[in-house]
Amino acid sequence: MGEPRLSLSCSFPRQLLSADTEAAARSLIGARLARGRGAEAAIGRIVEVEAYAGLDDLASHARFGRTGRNAVMFGPPGVAYVYLVYGMHHCLNVVTEPEGRAAALLIRAVEPVQGEDRMRAARLRWTRVRASRYAGTSDEAASLRIEGLPPNRLASGPGLVCAAFSIGRHDDGSDLCEPASDLRLEIAAEDEPLPVATGPRVGIDYAPEPWLSCPWRFFVPGNASLSVVVPPARRRVAS
DNA sequence: GCAAAGATTTGCT
DNA sequence: GCAAATCTTTGCC
């Protein structure tokens with residue numbers, strides 16, 4: 001880095017997000033997530049998303065209707081919906097479909113393109129603030145772990161994307177299609193289209209069929225930056 | 001008002 | 001393979 005960078009990218013067309021959510025999901029795969037500007041920017045290609053569509057999707061936060069938390073899901077497309085899960089991790093969604101309809105795409109994994117150092121520094125900051133409080137986890141051990149991470153593990157999960165891009169509640173409601181936004185979506189002319197595979201969504205064991213099994217997880221097959229999917233049997237059980 | 005669970009990640013046994 | 005960490009949001013009394 002340090003060399004001047006010629007930007008061949010432009011902002012992500014909002015129109016693509018106002019189409020139906022499955023089409024929007026496919027168009028978002030391969031798009032870029034960017035934080036900051038110029039040579040200092042952290043940029044990654046989106047390689048995994050999940051669709052949460054409509055009030056009747058019993059896996060979606062919109063299933064209880066419009067609430068304080070999910071309000072932006074009902075708003076215009078292209079806006080960020082950021083929420084806190086499990087009391088410690090943030091998740092980034094891109095709102096889809098026309099205003100008035102509750103739908104969004106969860107960004108589950110990103111492949112670093114530029115600014116790995118910045119992502120690593122952000123991960124380290126997050127770890128020092130939060131994970132260092134884990135029982136028995138020392139600051140030094142946590143630092144060593146982050147330093148040793150390969151680039152394709154820097155943003156390979158929904159919580160990790162937010163840690164690597166310093167995404168928090170302060171980004172909730174920001175416009176990701178606005179070129180002037182610090183956090184935004186972009187398309188680069190030099191990028192080749194990526195293949196897309198589908199599968200069931202992750203971490204929604206509370207949802208009944210058909211929502212539990214419908215193939216609304218979209219990802220680039222074989223990509224090294226995909227999230228690690230935890231089998232349902234290993235997920236948290238109520239005591 | 002209070003209790004329960006969660007669109008996750010990590011470390012230890 | 002299993003459970004902890006952590007706190008906001010939602011649902012129910």
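Throughout, a chain's letter reflects where its sequence line sits, starting with A, and its residues are numbered from 1.
- To the nearest angstrom, P of B:dT8 lies 11 Å from CG of A:L160.
- Around the CZ atom of A:R101, the shell of radius 6.0 Å holds no more than 12 heavy atoms that belong to other residues, nucleotides or ligands.
- Within 4.0 Å of A:T67, counting heavy atoms only, lie sugar-phosphate atoms of the nucleic acid but no base atom.
- In this entry the distance linking CE of A:M88 with P of C:dT6 reads 6 Å, nearest Å.
- Of the candidates A:H89, A:M119, A:R123, A:L160 forms a side chain to side chain contact (heavy atoms under 4.5 Å, CB included) with just one, namely A:R123.
- Side-chain atoms of A:R63 do not come within 3.5 Å of backbone N or O of A:D56 as any donor-acceptor pair.
- The aromatic ring of A:Y206 does not sit over the base of B:dG6, since the test of centres under 5.5 Å and planes under 30° is not met.
- Distances shorter than 4.0 Å separate none of the side-chain N or O atoms of A:H89 from OP1 or OP2 on C:dT6.
- B:dA5 sits 16 Å from C:dA3 when the C1' atoms are compared, rounded to a whole Å.
- The distance between atom CG of A:L84 and atom P of B:dG6, rounded to the nearest whole Å, is 15 Å.
- Whole-Å rounding puts the A:R201 CZ to B:dG6 P distance at 15 Å.
- For the OP1/OP2 pair of C:dT8 and a distance below 4.0 Å, the side-chain nitrogens and oxygens of A:R69 include no atom meeting the criterion.
- Taking only distance into account, the side chain of A:Y83 meets the base of B:dA7 through a donor-acceptor pair shorter than 3.5 Å.
- To the nearest angstrom, C1' of B:dG11 lies 14 Å from CG of A:L149.
- The A:F64 side chain lies nearest to C:dT10 when the options are B:dT9, C:dT10, B:dA7.
- Going from atom CG of A:N70 over to atom C1' of C:dT8 covers 13 Å, rounded to whole Å.
- One side chain, A:T21 or A:E97, offers a donor N or O that lies under 3.5 Å from an acceptor on the other.
- Comparing atom distances between the A:S60 side chain and each of B:dT10, B:dA7, C:dG11 picks out B:dA7 as nearest.
- Taking atom NE2 of residue A:H90 and atom P of nucleotide B:dT8, one finds them 14 Å apart after rounding to whole Å.
- Judged by Watson-Crick or G-U wobble contacts below 3.5 Å, the nucleotide B:dA7 has no partner.
- Under the Watson-Crick or G-U wobble criterion, with both distances below 3.5 Å, C:dT6 is left unpaired in every strand shown.
- For A:N93 and B:dG6, the CG to P distance is 17 Å, given to the nearest whole Å.
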Worksheet item: So A:Y83 and A:H61, ring-ring contact (aromatic ring centres under 6.0 Å, His included) or not? Walk me through it.
Response: CA-CA 10 Å; A:Y83 64 91; A:H61 286 172; 4.4 Å; yes
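- Applying the 4.0 Å criterion to OP1 and OP2 of B:dT8, one finds that A:R108 has a side-chain N or O inside that range.
- Within the 4.0 Å cut-off from OP1 or OP2 of B:dA7, not a single side-chain nitrogen or oxygen of A:R217 is found.
- Here the side chains of A:E116 and A:N152 are not in contact, with every heavy-atom distance at 4.5 Å or above.
- Remark on DNA chain C: of its neighbouring residues A:R169 and A:V85, the 5'-side contact belongs to A:V85, judged by nearest-heavy-atom nucleotide.
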